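Keep in mind it's a predicted model, so treat the numbers as computed, not measured.
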Amino acid sequence: MCGAELHALPEGVQRVARVLQDANHPHTPLMLDGAARTAQEAAHGLGVQLGQIAKSVIFKRKQDGLAVLVVASGDRRVDEKKVSALVGKIGRADADFVKAQTGFAIGGVSPVAHLFPPVTLLDQDLWRFEEIWAAAGHPHAVFRLRPDDLKPLTGAAVADVVQSAPEVSA
């Protein structure tokens, strides 16, 4: 990508593309025909497993109002108690807070290129997959990566921050 291609993309996708380019990431954002606002929509649009979607969930830390980003597999629910034990008490973040802190609308929150760097945690369950997909700053934009790419791109710690997976009976 030489840079000229970026100008046709929405502003949030341009920010993500620049971060990926600066990090020499091998994959650029991809604009999907359909929306990928939810992990289910993204998985369907890409033809991948739900767990391969690295969803970005924003919380608000109660003690100082900082954004807390949890990147987790699309087939897992974030466990707020586990997150709070690691970063301090958190609460839900509304759409205005998410947009003000990240620069992205809910449904397009990327794990990178936030307006204000959040406290970030990566869920260990993402490492079940060789390849994952994350939002790229717009409800129709995603980018491909490996779980190991998330650590250098975000500077985040890996932790157990999701509810236990349901047992599958035979």
Side-chain angles (χ1 to χ4, degrees), residues 12-13 15-30 36-43 46 48-93 97-98 101-139 141-166:
V13 181
R15 284 199 337 261
V16 172
R18 279 193 295 275
V19 167
L20 296 175
Q21 189 174 23
D22 291 349
N24 294 315
H25 186 73
H27 304 289
T28 58
L30 170 69
R37 283 183 180 85
T38 67
Q40 187 65 55
E41 286 177 344
L46 291 164
V48 300
Q49 294 178 53
L50 182 57
Q52 286 181 269
I53 303 303
K55 64 183 178 184
S56 294
V57 183
I58 298 287
F59 297 96
K60 184 175 184 178
R61 189 161 62 184
K62 292 184 176 183
Q63 69 191 42
D64 56 12
L66 277 177
V68 175
L69 166 66
V70 177
V71 183
S73 291
D75 62 349
R76 301 287 194 255
R77 285 188 57 87
V78 174
D79 186 323
E80 293 180 36
K81 288 180 182 174
K82 288 181 179 180
V83 175
S84 290
L86 295 168
V87 302
K89 289 204 177 289
I90 58 168
R92 298 274 174 179
F97 177 82
V98 171
Q101 293 298 304
T102 69
F104 306 123
I106 291 175
V109 177
S110 174
V112 301
H114 291 225
L115 293 179
F116 301 100
V119 174
T120 305
L121 297 171
L122 308 173
D123 188 67
Q124 64 191 16
D125 279 356
L126 287 164
W127 273 259
R128 295 177 291 151
F129 302 98
E130 191 170 309
E131 178 182 273
I132 57 175
W133 292 81
H138 185 276
V142 294
F143 69 98
R144 182 177 8 170
L145 68 163
R146 295 169 304 134
D148 282 341
D149 296 330
L150 275 172
K151 290 171 74 173
L153 285 171
T154 63
V158 177
D160 172 13
V161 290
V162 295
Q163 295 174 3
S164 299

Which heavy atom of [X] sits nearest to which heavy atom of [Y], and what is that distance?
| X | Y | answer |
| --- | --- | --- |
| Ala141 | Val13 | CB-CG2, 3.6 Å |
| Gly74 | Ala39 | CA-CB, 3.7 Å |
| Ser84 | Lys89 | OG-CA, 3.7 Å |
| Gly137 | Ser110 | N-CB, 3.9 Å |
| Arg76 | Gln163 | CD-O, 4.4 Å |

Student check: side-chain heavy atoms of [X] and [Y] closer than 4.5 Å:
| X | Y | value |
| --- | --- | --- |
| Leu115 | Thr102 | no |
| Asp79 | Val161 | no |
| Ser73 | Val162 | no |
| Leu69 | Val57 | no |
| Val48 | Ile53 | yes |
| Val109 | Val98 | yes |
| Val87 | Leu121 | yes |

side-chain hydrogen bond (donor to acceptor under 3.5 Å, both in side chains) contacts touching residues 50-63 (sequence neighbours left out)
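Qualifying pairs, neighbours excluded: Arg61-Asp64.
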
Measure the spacing between CG of Leu126 and NZ of Lys151 and express it to the nearest 0.5 Å.
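Output value for this atom pair is 12.0 Å.
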
Contacts of [X] that satisfy side-chain contact (heavy atoms from CB on, under 4.5 Å) - sequence neighbours left out:
| X | result |
| --- | --- |
| Leu145 | His25, Ile132, Ala134, Phe143, Asp149, Leu150, Leu153 |
| Ala135 | none |
| Ala85 | none |
| Ala67 | Ile58, Phe97, Gln101, Pro118 |

Can Glu80 and Ile90 be said to form a side-chain contact (heavy atoms from CB on, under 4.5 Å), step by step?
CA-CA 7 Å; Glu80 293 180 36; Ile90 58 168; 4.2 Å; yes

Between Asp123 and Val71, is the side-chain contact (heavy atoms from CB on, under 4.5 Å) condition met? List the steps.
CA-CA 6 Å; Asp123 188 67; Val71 183; over 6 Å; no

Quick one: list whatever passes salt bridge (Lys or Arg N to Asp or Glu O under 4.0 Å) with [X], sequence neighbours left out.
| X | value |
| --- | --- |
| Arg77 | none |
| Glu41 | none |
| Arg128 | Asp75 |
| Lys82 | Asp160 |

List the residues meeting ring-ring contact (aromatic ring centres under 6.0 Å, His included) with Phe59, not counting sequence neighbours, and say none if there are none.
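Partners of Phe59 under the ring-ring contact (aromatic ring centres under 6.0 Å, His included) test: none.
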
N-O pairing of Glu130 and Arg146 below 4.0 Å
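Salt bridge between Glu130 and Arg146, a charged N being under 4.0 Å from a carboxylate O: no.
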
Keeping to residues at least two apart or across chains, list the ring-ring contact (aromatic ring centres under 6.0 Å, His included) pairs with something in residues 106-133.
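For residues 106-133: Phe104-His114.
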
